[in-house]
Amino acid sequence: MTETDRPLVVSLLAGDGVLGAFGLGVAAEVFGYDYRRFGMPRFDFAVVTDRPGLVRTDTGLTLYVEHGLERLAVSDVVLVTAWEDLSAPVSVPVLDALRAVHARGGQVISHCTGAFVVAEAGLLDGKRATTHWRYAGELAARYPAVDVDPRVLYVDEGTVISGAGTASGVDALLHFVRREWGPTAANCLAREMVVPPHRDGGQAQYIDAPVARCEDDLLGLVLDWARAHLAEDISVEALARRALMSPRSFARRFKATTGTTPHAWLLGQRLAVAEALLEESDAPVEEIARLVGFGTAAGFRDQFSRRRGVSPRAYRQTFRAVRAVPAGEGTAA
C-alpha cells in the first residue's frame, strides 16, 4: 500500500457516561462514509476509549468500543466531543495519548465541552479556544493560560481546532474539510448533510440571552410598552415618565432590576426582533431597520454586525440555506 492509498485514520475519544451522542453522530456523518467522490480521502473512522468495552453516551445509549488508546498512536485526526460531566476526571493515559498526538503533528478537534479535555492536556495553553457559551466562564477559570472566546462558532489554531456547542460542531468539521480538501469538497458534504455550507468561525454564537423576567410590576408595564413601540424614538426620559420617576432614579432602578442599562436593553430587544424578521419575513433590510427603531439601514447594519459578528444579509442567508435546498435533493431526512 502506498502513502497515497493509506486511509486517513480518524479516532473519536469516548469516556463512559460522558460521551456526547450528538457529537458522535456528527463525527460519524463526516468521517464514517466514503466521500471520495467529493475529492476527500478514504477514512478509517473508529471510536476509542481507555477501557474498551461497553460505553454509555450522555443520552443513555450504549455502544461497544473495541479500540483502546493504542489506536491514537496511529491516528491522523483525534476528535473529542462533548464531555458531558465536567466533574468527571480525565485519566492520565488519555491525557498522555492526546499530548503524543499533538507532539507528532496530529490534528486535535474538540466540540463543545470537549475543550475541557484538550485544555486539561495543556494543548490550548497560550492559544485561543471556544466552547459552548454556557461553559466558557468555567473553562477560562479552570485554565487561565487559555484565551477563551465565548462569542465565536469555532477557533482554528492549526493543529488544534475547538468548536462551540451543538450545531457548531458541524461548522468546525466543515471548516476542517474546507481547509484540508477545499471549498468544493466542503460544499458537497454540506449539501449531502443538508446544512449551510459555511458559517464563518468569527461570527457570533446564536445565544438566546434575554434579560431576566422583570418582577417589578410598574417597571414590567413600562418594558411591555417599550417592546410594543420599538419603531419609535424611545428615550430614557420617556421611559422614566411612564414609570413616574426621574430619569436618574429610573436608570438606577432599571439597572438594579434587570442587570443592564435602558439603552443596552432597548438595543437587545431591537436586535432580537430584527433577527426574527430576518429569519421569518422577506422584508428588506431598510424596512426592518425602520420597524425595530434603528432609523437608518446603515445604522442597523453597523449595530447588527458589531453585536452579532455577521451582517444582516449573511444572517438571513444562513437561516434560510436549508430551506433553499430543492425537495428531493440531498440525503433523506
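All residue numbers in this chain count up from 1 along the given sequence. For clarity, every value in this text was computed on a predicted model and none was experimentally measured. Reckoned from all heavy atoms, side chains included, excluding hydrogens, waters and symmetry mates.
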Any sub-3.5 Å donor-acceptor pair from [X]'s side-chain atoms to [Y]'s backbone N or O?
X: S11; Y: L72; answer: no
X: S75; Y: V78; answer: no
X: S168; Y: D171; answer: no
X: E287; Y: V285; answer: no
X: R316; Y: S281; answer: yes
X: D58; Y: A21; answer: yes
X: T131; Y: Y135; answer: no
X: D16; Y: R56; answer: yes
X: D302; Y: A298; answer: no
X: T49; Y: P52; answer: no

So, do [X] and [Y] sit near enough that their side-chain heavy atoms are less than 4.5 Å apart?
X: L173; Y: F31; value: yes
X: F116; Y: V80; value: no
X: L8; Y: D44; value: no
X: I161; Y: E157; value: no
X: V101; Y: R104; value: yes
X: H67; Y: V47; value: no
X: L230; Y: L266; value: yes
X: L223; Y: R227; value: yes

With hydrophobic residues grouped by side-chain heavy-atom distances under 4.5 Å, do [X] and [Y] end up in a single group?
X: M193; Y: Y33; answer: yes
X: L86; Y: W133; answer: no
X: L54; Y: V18; answer: no
X: L124; Y: V155; answer: no
X: V9; Y: V65; answer: no

Charged N to carboxylate O below 4.0 Å: is that the case for [X] and [Y]?
X: R6; Y: D76; value: yes
X: K127; Y: D147; value: no
X: R37; Y: E192; value: yes
X: R301; Y: E286; value: yes

Measuring from [X]:[atom1] to [Y]:[atom2], what's the distance to the nearest 0.5 Å?
X: R178; Y: L189; atom1: CZ; atom2: CG; value: 10.0 Å
X: L19; Y: E84; atom1: CG; atom2: CD; value: 8.5 Å
X: L69; Y: L98; atom1: CG; atom2: CG; value: 8.5 Å
X: L24; Y: L79; atom1: CG; atom2: CG; value: 10.0 Å
X: Q303; Y: R270; atom1: CD; atom2: CZ; value: 10.5 Å
X: H132; Y: L139; atom1: NE2; atom2: CG; value: 13.5 Å

Could you report the tightest heavy-atom contact between [X] and [Y], atom names first, then the distance?
X: V148; Y: A136; answer: CG1-O, 3.8 Å
X: G105; Y: T159; answer: O-CG2, 4.0 Å
X: G23; Y: L12; answer: O-CD1, 4.2 Å
X: F250; Y: P262; answer: CE2-CG, 4.0 Å
X: V10; Y: R71; answer: O-NH2, 3.1 Å
X: V77; Y: F176; answer: CG2-CZ, 3.9 Å

Check against side chain to side chain contact (heavy atoms under 4.5 Å, CB included), T260 and F254
CA-CA 7 Å; T260 189; F254 193 102; 4.1 Å; yes
Does atom [atom1] ([X]) have a neighbourhood of more than 12 heavy atoms from anything else shown, all under 6.0 Å?
X: R179; atom1: CZ; value: yes
X: R51; atom1: CZ; value: no
X: H229; atom1: NE2; value: yes

Under the side chain to side chain contact (heavy atoms under 4.5 Å, CB included) criterion, do T62 and V55 qualify, and how do the steps go?
CA-CA 6 Å; T62 303; V55 171; over 6 Å; no
Just checking W181 against Y35, ring centres under 6.0 Å apart?
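No.
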Please work out which of the three classes, parallel, tilted or perpendicular, describes the rings of H111 and F22, given edges at 30° and 60°.
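F22 vs H111 ring planes: tilted.
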Take the angle between the ring planes of F294 and F300 and call it parallel below 30°, perpendicular above 60°, tilted in between.
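Tilted.
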Donor-acceptor pairs are to be reported for all side-chain atoms of residues 232-248 against protein atoms at under 3.5 Å, with residues two or more places apart or in another chain.
| unit_1 | atom_1 | unit_2 | atom_2 | d |
| --- | --- | --- | --- | --- |
| S235 | OG | A238 | N | 3.0 |
| S246 | OG | S249 | N | 3.1 |
| S246 | OG | S249 | OG | 3.1 |

Audit row: I109, V160, side chain to side chain contact (heavy atoms under 4.5 Å, CB included) steps and yes/no
CA-CA 6 Å; I109 304 175; V160 181; over 6 Å; no
Side-chain donor-acceptor pair under 3.5 Å between T130 and D149, yes or no?
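Side-chain D/A pair, T130 to D149: absent.
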Could you go step by step and tell me if T57 and L63 meet the side chain to side chain contact (heavy atoms under 4.5 Å, CB included) rule?
CA-CA 8 Å; T57 71; L63 63 152; 3.7 Å; yes
